Number of protein chains: 2
Amino acid sequence: MAPMYASNEGDEPTAGSARERVLSTAARLFYAHGVRATGIDRIIAEAGVAKMSFYRHFPSKSGLVQAFLDRRHAQWMAWFEAALQRRVAQAGVPRLSMLADVLGEWFAQADFRGCAFINLVAEDGEADGPERALAFAHKLELQAFVAGFARSAGVPDPDRAAALAMVVIEGAIVRTQMTGDAAMAGLAARLLDGIAIGLRDGRAS
Amino acid sequence: MAPMYASNEGDEPTAGSARERVLSTAARLFYAHGVRATGIDRIIAEAGVAKMSFYRHFPSKSGLVQAFLDRRHAQWMAWFEAALQRRVAQAGVPRLSMLADVLGEWFAQADFRGCAFINLVAEDGEADGPERALAFAHKLELQAFVAGFARSAGVPDPDRAAALAMVVIEGAIVRTQMTGDAAMAGLAARLLDGIAIGLRDGRAS
DNA sequence: ATCTTGACAGACAGATCTGTCTACATCAAG
DNA sequence: CTTGATGTAGACAGATCTGTCTGTCAAGAT
């Protein structure tokens with residue numbers, strides 16, 4: 001493979017192709033500091049890449065942002081579904097509040113800074129460009145997955161359960177981001193159990 | 001919150017002092033497009049104010065942002081508490097889900113773009129400056145108010161009820177922002193009722 | 001051995017952003 | 001009438017940001 005000439009200012013040895021280094025560096029910086037606050041110059045400096053190498057692989061900063069969101073969506077969903085499946089296998093039966101348990105693992109990570117898609121929409125002003133659409137699509141897919149999980153957990157009206165659960169999920173994410181309190185997952189678990197109980201009792205509609 | 005900005009919707013730059021025009025224009029632009037995306041030049045242009053008039057009244061852009069957050073906090077809280085009080089007076093008795101009804105009024109506004117404080121933290125990168133502290137303080141005060149309201153509604157363990165309710169509140173705000181669906185207030189009302197029921201049944205702990 | 005490809009290094013243009021500065025106008029109070 | 005406070009208009013410096021450009025280098029392919 002391509003040998004690496006430039007070392008990375010004491011960072012880990014630069015691994016992978018230039019494109020891969022740019023994308024992983026951008027992912028870290030975009031998530032940690034926000035898209036707008038992260039300049040191309042900083043990305044290429046930390047990735048140990050020339051500017052033209054960046055523009056050979058990405059058409060623009062917006063293109064890089066979209067690539068970041070695409071990858072983030074795929075990786076996060078894969079992680080979330082796998083972690084949830086692990087819990088289900090361990091407990092033997094699925095339960096709505098397991099969604100919160102998995103979120104709790106995420107919240108405990110040192111670099112947690114909320115949901116990248118929520119943060120993007122929050123800083124995006126209005127500009128309904130392709131980035132915004134990717135964020136919306138991510139949430140739609142998550143909601144569809146939650147509905148399927150609710151169905152597998154035997155919750156009546158799983159679509160409504162998913163709509164309710166999404167409010168709790170986003171709330172727990174944002175509350176953790178705003179307070180730094182790790183206890184939000186526990187509150188979310190309690191609320192998700194309440195959703196299942198309420199729907200079973202027919203208290204909803 | 002409608003009456004809050006009704007002031008300079010189509011108003012001419014000749015309304016109020018220069019400081020007031022700058023602050024109300026900044027409030028509108030900061031909320032609509034985000035803090036980072038809104039430049040000083042645009043603010044002073046739309047406010048019809050000279051640059052030096054701006055820097056005579058505010059020490060820096062950061063100072064303006066803080067003034068914006070201060071005012072936003074005061075006005076939003078005042079509006080929220082008044083609107084809630086109106087509902088309570090109308091119904092005769094307080095009920096936790098009324099929090100969601102009031103949020104629904106907010107969500108229905110044409111220029112709704114989520115919570116200014118959440119958006120600020122989301123776009124703020126990390127930089128723990130004074131702006132971030134104001135956002136956290138806002139959420140703390142809101143939670144304290146919700147706890148008091150839960151107590152007045154006769155909910156057992158009002159502090160825990162408030163912690164749970166805050167998850168639902170933030171979730172409903174963000175879900176409305178991310179989906180544009182006006183139905184989130186209804187879902188939140190259902191969840192808030194579930195909190196009250198769960199705590200009354202002692203299902204919480 | 002030469003050509004092509006991918007990469008690095010860094011200068012550069014053009015735009016934009018914050019903050020400072022000068023110059024001039026208005027108006028109220030001493 | 002002069003002085004000070006407040007305001008407008010706009011030039012300017014310095015930084016930063018995106019995107020383009022030239023030059024050089026290493027290694028594989030032909």
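Every chain is numbered from 1, with letters handed out A, B, ... down the list of sequences. Quick note: numbers below take in every heavy atom, side chains included, and nothing from hydrogens, waters or symmetry partners. Computed from a prediction, not measured in an experiment: that's the story for all the values here.
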Exercise. Could a donor-acceptor pair under 3.5 angstrom be found where the side chain of B/R56 meets the base of D/dG7?
Worked result: yes
Exercise. Could a donor-acceptor pair under 3.5 angstrom be found where the side chain of A/K51 meets the base of D/dG19?
Worked result: yes
Considering just the side-chain nitrogens and oxygens of [X], establish if one lies under 4.0 Å of OP1 or OP2 belonging to [N].
X: A/H57; N: C/dA7; answer: yes
X: A/R36; N: D/dT16; answer: no
X: A/S53; N: C/dC8; answer: yes

[X] has a side chain; which of [options] sits nearest to it?
X: B/Y55; options: D/dT18, C/dT20, D/dT8; result: C/dT20
X: B/K61; options: C/dA7, D/dT18, C/dG19; result: C/dG19
X: B/M52; options: D/dT18, D/dA9, C/dA9; result: D/dA9
X: B/A50; options: D/dT8, C/dC8, C/dC21; result: D/dT8

Problem set entry | Interatomic distance where CD1 belongs to A/I44 and C1' belongs to C/dC8 [whole Å] | 10 Å
Seminar exercise, completed: Between CD1 of A/I40 and P of C/dG10 the distance, given in whole Å, is 18 Å
Problem set entry | Flag for A/D159-A/Q143: side-chain donor and acceptor within less than 3.5 Å | no
Exercise. Is B/R87 salt-bridged to B/E105, cutoff N-O under 4.0 Å?
Worked result: yes
Problem set entry | Presence of salt bridge, B/E170 and B/K139, under 4.0 angstrom | yes
